[in-house]
Enquirer: 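Starting off with a structure, shown below.
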Amino acid sequence: MKKIFLAIACAALWVSCSDENTPPAPAPEHNRLEDIVDLSYPLIKEYHDNYGTYILYDFDFMKDFAYQFEQAGSWRAAEVQMLEPGDVQGALDYLENEFFPYYLEQVENEGGVMADTYFRESGLPRKILLCKEIVAGTLGITNVEGTDPVYHDVTASVNSFAISRLDAQSLSDMYNSATRKKEFRNNIHYMFLAGYLSNAKHIELADMDFYKVSQVFYGTSLSSDPQVKDYYERGFIRAVSLSPSAAYPLPNIDLRHYLYELINLTPERVTTLKAYPRIRTKSTALVKCLTRIGVDILTLNPEIKNLIN
């Protein structure tokens, strides 16, 4: 009987010691973004609840904006001024009217049936930062000449998508200038499509119909006496350099050039480009791809129809 009692006691002691030495299960990781997102605004709550996107006007500079692996010094040297609370609703109204409507949840497929794109769930940034000012040198795919910092309209990275000049005064100034209003809107959409969606998210925007048109020319040297029309005839929409030592763009740069040109296309530019079959073919392929995934590019710039038709 004593042996039985002793065995039970030892077993109980072993279980007790075993429990003490077993590390506790890790607590679920806390999502700090839940602490800083302001869900009292209906638009912020809608995109948070439905698409997992955090629209932030009060955020951590390093964790939400400047934490980058490439150009780390430039991002960390940037000066970011956040919105005042009284400017938030106006900034959200701008997003609701000038940004989100061009990214559709349903499109009509080739069979004439409306199909879900799931674009907002899979294509939108996890973080959209609303700012008053972003002053910095080159950030991401922005092209800043020289070394002096500039005022950025928008920046795009793997970490976040930040839009500047959303304070009430800046928006008021833009609404009083049709040219500046269009320029600002186009900059945002270009940086989103070329800087975030294509680059940071590594989503292929154009199918092989786009790339194969100029495939044999990518990265090859220009002729000994290069002309602008050489680019156009080979399907490149922008003449980057006329130096004989230069080369035709690589595919990712070619895609960015087309996105920029289509978003900013003017009647005068259509007249120039329409004469080149390869440019029309590539533009058509890109527009079809964008439309298929839910980007309403033809509404963003109706002038595109005059190029591809």
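What you are looking at is a predicted structure, and each value in this text was computed from that prediction instead of being measured. Values below: all heavy atoms of this structure, side chains included; hydrogens, waters and symmetry mates excluded.
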Enquirer: Donor-acceptor pair, T53 side chain versus P125 backbone, under 3.5 Å?
Expert: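 It does hold such a pair.
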Enquirer: If you look at every heavy atom in S243 and S241, which pair is closest and at what distance?
Expert: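 Looking at all heavy atoms of both residues, the closest pair is N-OG, 3.1 Å.
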Enquirer: Taking C-beta and beyond as the side chain, do F192 and Y103 meet within less than 4.5 Å on heavy atoms?
Expert: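 F192 reaches Y103 side chain to side chain.
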Enquirer: Without swapping roles, check the side chain of T117 against the backbone of L104 for a donor-acceptor pair under 3.5 Å.
Expert: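 Yes: the side chain of T117 pairs with the backbone of L104.
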Enquirer: Are more than 12 heavy atoms from other residues, nucleotides or ligands located less than 6.0 Å from atom OH of Y151?
Expert: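 No, not enclosed.
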Enquirer: For the pair N31 (side chain) and L33 (backbone), establish whether a donor and an acceptor sit closer than 3.5 Å, ignoring hydrogens and angles.
Expert: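 Yes, because the side chain of N31 sits within donor-acceptor range (under 3.5 Å) of the backbone of L33.
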Enquirer: Is the closest side-chain heavy-atom distance between Y260 and R238 below 4.5 Å?
Expert: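 Y260 vs R238: side chains touch.
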Enquirer: With the side chain counted from C-beta on, respond yes when K229 and Y276 share a heavy-atom pair under 4.5 Å apart, and no when they do not.
Expert: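 Yes, their side chains come closer than 4.5 Å.
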Enquirer: Would V158 and L255 show up in the same hydrophobic cluster when neighbours are defined by side-chain heavy atoms closer than 4.5 Å?
Expert: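 Different hydrophobic clusters.
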Enquirer: Restricting to non-hydrogen atoms, name the atom on L139 and the atom on T155 that form the minimum distance, rounded to 0.1 Å.
Expert: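 That closest heavy-atom pairing would be CD1-CG2, 3.7 Å.
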Enquirer: Does a side-chain heavy-atom distance below 4.5 Å link L166 with L171?
Expert: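 Yes, their side chains come closer than 4.5 Å.
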Enquirer: For D225 and S223, test the side chains for any donor-to-acceptor distance below 3.5 angstrom and give the result as yes or no.
Expert: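 No pair is found: no donor N or O on one side chain lies under 3.5 Å from an acceptor on the other.
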Enquirer: Pair I141, Y190 - check side-chain contact (heavy atoms from CB on, under 4.5 Å), show working.
Expert: CA-CA 10 Å; I141 66 170; Y190 167 70; 3.8 Å; yes
Enquirer: Using modelled atom types only, decide if a donor and an acceptor are shared between the side chain of S160 and the backbone of A162 within a distance under 3.5 Å.
Expert: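 Answer holds: no.
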Enquirer: Would you be so kind as to tabulate the donor-acceptor pairs closer than 3.5 Å made by side chains of residues 77-90, with sequence neighbours excluded?
Expert:
residue	atom	partner	partner atom	Å
D87	OD1	A168	N	3.4
Q89	NE2	D93	OD1	2.9

Enquirer: Do the side-chain N and O atoms of E98 and H189 include a donor-acceptor pair separated by under 3.5 angstrom?
Expert: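 Note: E98 and H189 side chains miss the donor-acceptor criterion.
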Enquirer: With clusters defined by side-chain heavy atoms of hydrophobic residues (ILVMFWY) lying less than 4.5 Å apart, directly or transitively, does V213 cluster with Y232?
Expert: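 No, because Y232 and V213 fall into different hydrophobic clusters, even though each may have its own neighbours under 4.5 Å.
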Enquirer: Are V270 and E303 side-chain neighbours, meaning at least one heavy-atom pair lies under 4.5 Å?
Expert: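 Contact flag for V270/E303 side chains = yes.
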Enquirer: Distance-only, no hydrogens or angles: does the S214 side chain make a donor-acceptor pair with backbone N or O of F217 under 3.5 Å?
Expert: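 No.
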Enquirer: Once ring pair (Phe, Tyr, Trp, His ring centres under 6.0 Å) is applied, do any residues pair with Y248, and if so which ones, sequence neighbours excluded?
Expert: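 Once residues adjacent in sequence are excluded, the partners of Y248 under the ring pair (Phe, Tyr, Trp, His ring centres under 6.0 Å) criterion are Y231, F236.
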Enquirer: Does the side chain of Y94 reach to within under 4.5 Å of the side chain of I188, using non-hydrogen atoms?
Expert: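 Side-chain contact under 4.5 Å: yes.
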Enquirer: Taking the side chain from S74 and the backbone from G137, do they hold a donor-acceptor pair closer than 3.5 Å?
Expert: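 No, S74 side chain to G137 backbone: no donor-acceptor pair under 3.5 Å.
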Enquirer: What residues form a side chain to side chain contact (heavy atoms under 4.5 Å, CB included) with I253, not counting sequence neighbours?
Expert: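 I253: side chain to side chain contact (heavy atoms under 4.5 Å, CB included) contacts with P249, R256, H257.
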Enquirer: Flag the pair D153 and R180 as a salt bridge only when some basic side-chain nitrogen lies within less than 4.0 angstrom of an acidic carboxylate oxygen.
Expert: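 A salt bridge is present here (some side-chain N lies under 4.0 Å from a carboxylate O).
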Enquirer: For the residue pair L56 and F59, what are the closest heavy atoms and their distance?
Expert: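 Here L56 and F59 meet closest at O-CD2, 4.0 Å.
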Enquirer: Answer yes when D64 and R32 have at least one side-chain N-carboxylate O distance shorter than 4.0 Å, and no when they do not.
Expert: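 Looking at R32 together with D64, the answer is yes, because their closest N to O distance falls below 4.0 Å.
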Enquirer: Counting only heavy atoms from other residues, nucleotides and ligands, does the tally under 6.0 Å from CZ of F100 exceed 12?
Expert: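 Enclosed: over 12 neighbouring heavy atoms sit under 6.0 Å from CZ of F100.
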Enquirer: Are L193 and I263 close enough that some pair of their side-chain heavy atoms sits under 4.5 Å apart?
Expert: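 Yes - at least one pair of side-chain heavy atoms lies under 4.5 Å apart.
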Enquirer: So, S283 side chain and R280 main chain: donor-acceptor pair closer than 3.5 Å or not?
Expert: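 Between the backbone of R280 and the side chain of S283 there is no qualifying donor-acceptor contact (under 3.5 Å).
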Enquirer: So, do L290 and L259 sit near enough that their side-chain heavy atoms are less than 4.5 Å apart?
Expert: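 The answer is yes, as the side chains (C-beta and beyond) meet within the 4.5 Å cut-off.
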Enquirer: Is a side-chain N or O of R234 found less than 3.5 angstrom from the main chain of D230, in a donor-acceptor match?
Expert: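 Yes; at least one donor-acceptor contact below 3.5 Å.
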Enquirer: How far does CZ of R126 sit from CG of N159, to the nearest 0.5 angstrom?
Expert: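 So the CZ of R126 and the CG of N159 are separated by 9.5 Å.
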Enquirer: Grab the two heavy atoms, one from L265 and one from R269, that are nearest each other, plus how far apart they are.
Expert: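 Here L265 and R269 meet closest at CD1-CG, 3.8 Å.
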Enquirer: Examine distances only and state if a side-chain atom of K282 and a backbone atom of G235 form a donor-acceptor pair shorter than 3.5 Å.
Expert: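 Such a contact is found between K282 side chain and G235 backbone.
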Enquirer: Could you check whether any side-chain N or O of N176 sits under 3.5 Å from a backbone N or O of S172, counting only pairs where one atom can act as donor and the other as acceptor?
Expert: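 Yes; at least one donor-acceptor contact below 3.5 Å.
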